[in-house]
Amino acid sequence: MEEMAKPRVHARELPSLEKAEHGVVMRFAPNPSGPLHLGHARAAVLNDVYVQRYGGKYILRIEDTDPKRVDPEAYTMVREDIEWLGLTIHDVVYQSDRFDLYYRYGRELIERGGAYVCTCENEQFRQLKLARQACPCRGLTLDENLALWERMLAGEFYEGEASVRVRTELEHPDPAMRDFPAFRILHTPLHPRIEACVYPLMNFSVAVDDHLLGVTHVIRGKDHIANTRRQRYIYDYFGWPVPVYRHYGRMGIEGVILSTSQMREGIQSGIYRGWDDIRLGTLRALARRGIQPGAVRAAVFDIGIGDTDISFSWDNLYAHNRSIVDPIADRYFFVPDPVCLKVRDAPVHTARALIHPNDVNRGTRTLPFLGEVLIPREELGKAPDMIRLKDLFNVRVAASGEEYVLTYAGEDMADARAAKAPVIQWLPAELALPAILETQDGPVIGVCEPAAGALQGNVVQFERVGFARIDRVEPQELIAYFCHR
RNA sequence: GCUGCUAUAGUGUAGUCCGGCCAAUCAUUUCGGCCUUUCACGCCGAAGACUGGGGUUCGAAUCCCCAUAGCAGCACCA
């Protein structure tokens, strides 16, 4: 059977990777300085998608080689976030478990003449580097270098007194390439997992690990382009084949900061309540609002691995989430800023509303009308003549001074249509659960159906308000987090 | 300043390598209409872009040059 070319119905697909036909080994390598956010999700998901597509292995590598940027709690937060995202991780590696390895290869790099121990003052070296001049240490003999290296490991240097530099080209047009550092001395702070005073810098540990772990393809942000070039020197000294690299563009998100350190400051200064504050772009904040992992995956998949800088729009994420959540979210009434009114001349009646309008099999919820209703104050401000209380009956609205008076106006939906009456959510005054809907712009006080309280942790749709996740029910009050319309 | 990367509608994206089938794709968004006892979902329709200027060519979103703008790196961070 002939495979006809499908006319312009191209399924969205990421660009193919070179040399991937026989499978790939890829890695997601976060620094455990805080929980994962949308920026991490992009790297994590794109790598995941490729591993799924080509088959192979997906490694989680915890890059904790800088004790200054390790938050002990982040180890577990990162694992939780990865689980939430649903990554298919095959292997987990902690760089702090591999320092002996780095030392071994560090020594070998020196022996191969690819690196030397530098005891210059920082600023002095910088000046020399900018002037394309060799520092005095660059000419030391191998024996001298190895002796210094041993002294480094023995803890004979204070912080900043010695480092190991990779020998590159002093004439390199990019000063960032010239004899970049591979190891440094650090005595404080203490590393939460290991005891060490010689720490590898990322370009060294990453190159060694990528090779040793058999990583074939690396997809990461373009802020690593310079690092890729630097790492190539290390590969070349050891004679290792280099992986295939792709660098995608910088991603900003409207309205939020994606910097772990800035978020931490905000938390410490009390601006945010915690890592899952719904104004943050962390995955746990999104989860708390009811964003589904599938929506995050779809949104970052759409963005792809393009190298242009982009501004991530919430709309696109919300659209994906809505399509996931709309078919499953139970419908309930939430009345913001409620006003309580008696309905004159109304018969006793019980409303039966569908739990989901597109699926009668999900059943109904019952709301008894006992004389008084709570309706959104906002609806009265619009001053329509008639309002349809959804699934109940029509009421005529009259203003008498500051007060509004509702009068029963029949059950016929046709009347409501004829009068162009808005169909609004309402609650019986006697059966309303006080509720707070937390939004990114602050809390909205209202009331909701008591039945919603049984759905803790689930996403519901508050009719005419939007989707929200039921966070918890406190003694006399339900707390929900607004997700999107 | 130096070294690089990028530039398609409000947002994201396809097309760019191998110039014509592109009066430019898809999604989102916005606005109409239909459906509907939600301002959700669904359906129909519309709006909206090749950064600017030169050049090459019969022909350029696609190739070249310049300009402009944005971004990254120039850390003993990752």
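Per chain, numbering begins at 1; letters A, B, ... match sequence-line order.
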Asker: Let me spell it out: for each of A:Ala319 and A:Phe125, pick the nucleotide of RNA chain B with the closest heavy atom. Which residue's pick is nearer the 5' end?
Answerer: A:Ala319
Asker: Only pairs with both distances under 3.5 Å count, Watson-Crick or wobble alike; so what is the partner of B:U3 in this structure?
Answerer: B:A72
Asker: Need one value for A:His172: base, sugar-phosphate or nothing, where a base atom within 4.0 Å counts as base even if backbone is also close, heavy atoms only.
Answerer: nothing
Asker: When both hydrogen-bonding distances must be under 3.5 Å and the geometry is Watson-Crick or G-U wobble, what is B:A14 paired with, if anything?
Answerer: none
Asker: Determine yes or no for a side-chain-to-main-chain donor-acceptor pair under 3.5 angstrom, with A:Asn458 supplying the side chain and A:Ile470 the backbone.
Answerer: no
Asker: Quick one: is B:G70 close enough that its OP1 or OP2 comes under 4.0 Å of any side-chain N or O from A:Thr308?
Answerer: no
Asker: Taking any strand in view, what nucleotide pairs with B:U57 in a Watson-Crick or G-U wobble way, both distances under 3.5 Å?
Answerer: none
Asker: Got A:His320 and A:Asp302 here, is their nearest side-chain heavy-atom distance under 4.5 Å?
Answerer: yes
Asker: Starting the side chain at C-beta, find the nucleotide from B:C71, B:A78, B:G10 nearest to A:Glu63.
Answerer: B:A78
Asker: Touch check for A:Asn31, heavy atoms < 4.0 angstrom, all strands: base, sugar-phosphate only, or nothing?
Answerer: sugar-phosphate
Asker: Could you check whether atom CD of A:Glu254 has more than 12 heavy atoms from other residues, nucleotides or ligands sitting under 6.0 Å from it?
Answerer: yes
Asker: Using modelled atom types only, decide if a donor and an acceptor are shared between the side chain of A:His217 and the backbone of A:Glu18 within a distance under 3.5 Å.
Answerer: yes
Asker: Need one value for A:Pro357: base, sugar-phosphate or nothing, where a base atom within 4.0 Å counts as base even if backbone is also close, heavy atoms only.
Answerer: base
Asker: If we call it a pair only when both distances are under 3.5 Å in a Watson-Crick or G-U wobble match, what pairs with B:C34?
Answerer: B:G42
Asker: When you measure from the side-chain N and O atoms of A:Asn358 to the phosphate of B:C41, is any distance below 4.0 Å, counting only OP1 and OP2?
Answerer: no
Asker: For A:Asp66, which contact category applies under a 4.0 Å heavy-atom criterion: base, sugar-phosphate, or nothing?
Answerer: sugar-phosphate
Asker: Between A:Arg485 and B:A40, is there a contact of a side-chain N or O with OP1 or OP2 at under 4.0 Å?
Answerer: no
Asker: Does A:Arg322 put a side-chain nitrogen or oxygen below 4.0 Å from OP1 or OP2 of B:U29?
Answerer: yes
Asker: Taking OP1 and OP2 of B:G70, is either one under 4.0 Å from a side-chain nitrogen or oxygen of A:Arg250?
Answerer: no
Asker: Identify the nucleotide, in any strand shown, that forms a Watson-Crick or G-U wobble pair with B:U25, with both distances under 3.5 Å; if there is none, say none.
Answerer: none
Asker: Return the nearest nucleotide to the side chain of A:Asn316; candidates are B:C76, B:U11, B:U37.
Answerer: B:U11
Asker: What about A:Glu463, does its side chain sit under 3.5 Å from the base of B:C41 through a donor-acceptor pair?
Answerer: no
Asker: What is the nucleic acid contact for A:Phe467, judged by heavy atoms within less than 4.0 Å: base, sugar-phosphate only, or nothing?
Answerer: sugar-phosphate
Asker: With no angle test and no hydrogens, is the base of B:U11 tied to the side chain of A:Glu254 by a donor-acceptor pair under 3.5 Å?
Answerer: no
Asker: Is the side chain of A:Tyr237 donor-acceptor paired with the backbone N or O of A:Arg167 at a distance under 3.5 Å, no angle test?
Answerer: yes
Asker: Please find out if less than 6.0 Å separates the ring center of A:Trp149 from that of A:Phe183.
Answerer: yes
Asker: Describe the nucleic acid contact of A:Gly249 in one word from base, sugar-phosphate, nothing, applying a heavy-atom distance below 4.0 Å.
Answerer: nothing
Asker: Regarding A:Asn203, tell me which of base, sugar-phosphate or nothing describes its non-hydrogen contacts under 4.0 Å with the strands shown.
Answerer: nothing
Asker: When you measure from the side-chain N and O atoms of A:Lys129 to the phosphate of B:A75, is any distance below 4.0 Å, counting only OP1 and OP2?
Answerer: yes
Asker: Answer with base, sugar-phosphate or nothing: what part of the nucleic acid does A:Thr65 contact at a heavy-atom distance below 4.0 Å?
Answerer: sugar-phosphate
Asker: On RNA chain B, check which nucleotide each of A:Pro15 and A:Ala162 is closest to and give me the residue with the more 5' one.
Answerer: A:Pro15
Asker: How far, in whole Å, is B:C44 from B:C26 if one measures between their P atoms?
Answerer: 13 Å
